[in-house]
Amino acid sequence: MMPGRLIAVVGPSGVGKDSVMSGLAAAQPSMRLVRRTITRAPDLEGEDYEAVTPDAFVAAVRDGAFCLHWDAHGLRYGIPADVPDDLRSGRDCLANLSRGALLQAQAVFPRLIVLNITASPTVLAHRLTGRGRETDAEISARLAQAGKPLPEGLDVVTLANDGALGETVAQALDALQPARV
């Protein structure tokens, strides 16, 4: 059996990563939508995640709860340790990763593919303002990071999510599903 791929979904805040991932998982129920652990307040809109305190995160790292973990934007993020089991069984897994964690992910996941979601600065600003999670200063800082390049040497599929979500999901399916080699 061919091992599964970790599909690392990346892009700037507000680009619609979680919406695209949900659309992909709905269209391909065999894909696992990975639930991250984050040192973020619980019950914020958008992403389904496991909220933990910084101390609990440190304990989880120590206990081997994650196959991948990193820091970004003042938070800590972890991918559950059971993801490689699903990959070995041939199941593709979708995970929202930070661009800064991609080289580490490439070392952990041999069949890593990066789904890089983009959108225009105007669309990003509108979405960030609309979700109401960040201050104006935080939104400006996130927009300044939006064009940050990806590391070299990765298998990357880049899609714009400026229009209808269904169109972006269909393009992602076409880009990701033609070959399982």
Side-chain angles (χ1 to χ4, degrees), residues 6-29 31-54 56-57 66 68-80 83 92-102 105 112-151 154 156-177:
L6 182 81
I7 302 166
V9 181
V10 301
S13 294
V15 79
K17 296 181 295 286
D18 295 311
S19 297
V20 170
M21 290 172 62
S22 293
L24 286 169
Q28 293 289 324
M31 282 187 185
R32 175 182 174 181
L33 188 55
V34 175
R35 186 171 186 244
R36 301 186 297 177
T37 298
I38 308 174
T39 57
R40 178 189 287 159
D43 302 323
L44 293 177
E45 292 291 319
E47 174 182 6
D48 178 28
Y49 60 95
E50 181 181 351
V52 298
T53 66
F57 193 94
F66 307 122
L68 178 69
H69 61 89
W70 68 94
D71 300 347
H73 305 293
L75 301 172
R76 302 200 66 196
Y77 298 81
I79 300 297
V83 168
D92 286 342
C93 296
L94 289 164
N96 183 338
L97 266 62
S98 295
R99 290 172 281 195
L102 289 173
L112 176 74
I113 186 166
V114 179
L115 181 58
N116 182 36
I117 308 294
T118 65
S120 71
T122 303
V123 168
L124 289 177
H126 178 73
R127 289 179 184 164
L128 288 170
T129 302
R131 72 185 187 182
R133 286 195 330 217
E134 293 101 355
T135 66
D136 288 345
E138 290 169 329
I139 289 171
S140 293
R142 289 194 181 268
L143 290 173
Q145 291 292 317
K148 185 177 174 182
L150 297 177
L154 298 168
V156 179
V157 172
T158 299
L159 298 174
N161 187 27
D162 284 319
L165 176 62
E167 291 175 20
T168 304
V169 170
Q171 291 173 7
L173 286 168
D174 286 346
L176 294 171
Q177 295 306 323

If you round to the nearest 0.5 Å, how far is OG1 of Thr39 from OH of Tyr77? 7.5 Å
Kindly say whether Ile79 contributes a backbone atom to a donor-acceptor pair with the side chain of Arg36 at under 3.5 angstrom? no
So, for Tyr49 and Arg40, which heavy atoms are closest and what is the spacing to 0.1 Å? OH-CD, 3.5 Å
In terms of heavy-atom contacts, Ala51 and Ala41 come closest through CB-C, 4.2 Å
Partners meeting side-chain contact (heavy atoms from CB on, under 4.5 Å) with Thr129 (sequence neighbours left out): Ile139
Heavy-atom donor-acceptor pair, Lys17 side chain to Pro12 backbone, under 3.5 Å: yes
Pairwise distance CG(Leu33) to CG(Leu94) - rounded to 0.5 angstrom: 6.0 Å
With rounding to the nearest 0.5 angstrom, report the CG to CG distance, Leu143 to Leu124. 6.0 Å
Which distance, rounded to the nearest 0.5 Å, do you find between the CD of Glu50 and the CD1 of Ile38? 10.0 Å
CG/Asp92 to CG/Leu176 distance, rounded to the nearest 0.5 angstrom? 8.0 Å
Taking C-beta and beyond as the side chain, do Leu97 and Trp70 meet within less than 4.5 Å on heavy atoms? yes
Any heavy-atom pair between the side chains of Val34 and Met21 that's under 4.5 Å? no
For residues Ser13 and Arg131, determine if any side-chain heavy atom of one lies less than 4.5 Å from a side-chain heavy atom of the other. yes
Where do Arg76 and Val52 land on the side chain to side chain contact (heavy atoms under 4.5 Å, CB included) test, with the steps shown first? CA-CA 9 Å; Arg76 302 200 66 196; Val52 298; over 6 Å; no
Tell me, do Ile7 and Met31 make a side-chain contact under 4.5 Å, heavy atoms counted? yes
Side chain to side chain, Ser19 and Arg127, heavy atoms closer than 4.5 Å: no
Between Asn161 (side chain) and Thr168 (backbone), is there a donor-acceptor pair under 3.5 Å? no
Evaluate the side chain to side chain contact (heavy atoms under 4.5 Å, CB included) criterion for residues Arg142 and His73: first the C-alpha distance (whole Å), next the side-chain angles of each, then the deciding distance (0.1 Å), finally the verdict. CA-CA 9 Å; Arg142 289 194 181 268; His73 305 293; 3.7 Å; yes
Of the non-hydrogen atoms in Ala172 and Leu115, which two are nearest, and what is the gap between them? CB-CD2, 4.1 Å
In the structure I gave you, are the side-chain heavy atoms of Gln28 and Leu24 within less than 4.5 Å of one another anywhere? no
State whether the side chain of Thr53 and the backbone N or O of Ala56 hold a donor-acceptor pair below 3.5 Å, judged by distance alone. yes
Please work out whether the ring planes of His69 and Phe57 are parallel, tilted or perpendicular, with thresholds of 30° and 60°. perpendicular
Return the CG to CG distance between Asn96 and Asp48, rounded to the nearest 0.5 Å. 12.0 Å
Can you check whether Val10's main-chain N or O pairs, donor with acceptor, with Arg99's side chain at less than 3.5 Å? no
State, to 0.1 Å, how close Leu173 and Ala27 come at their nearest heavy-atom pair, and which atoms those are. CD1-CB, 3.5 Å
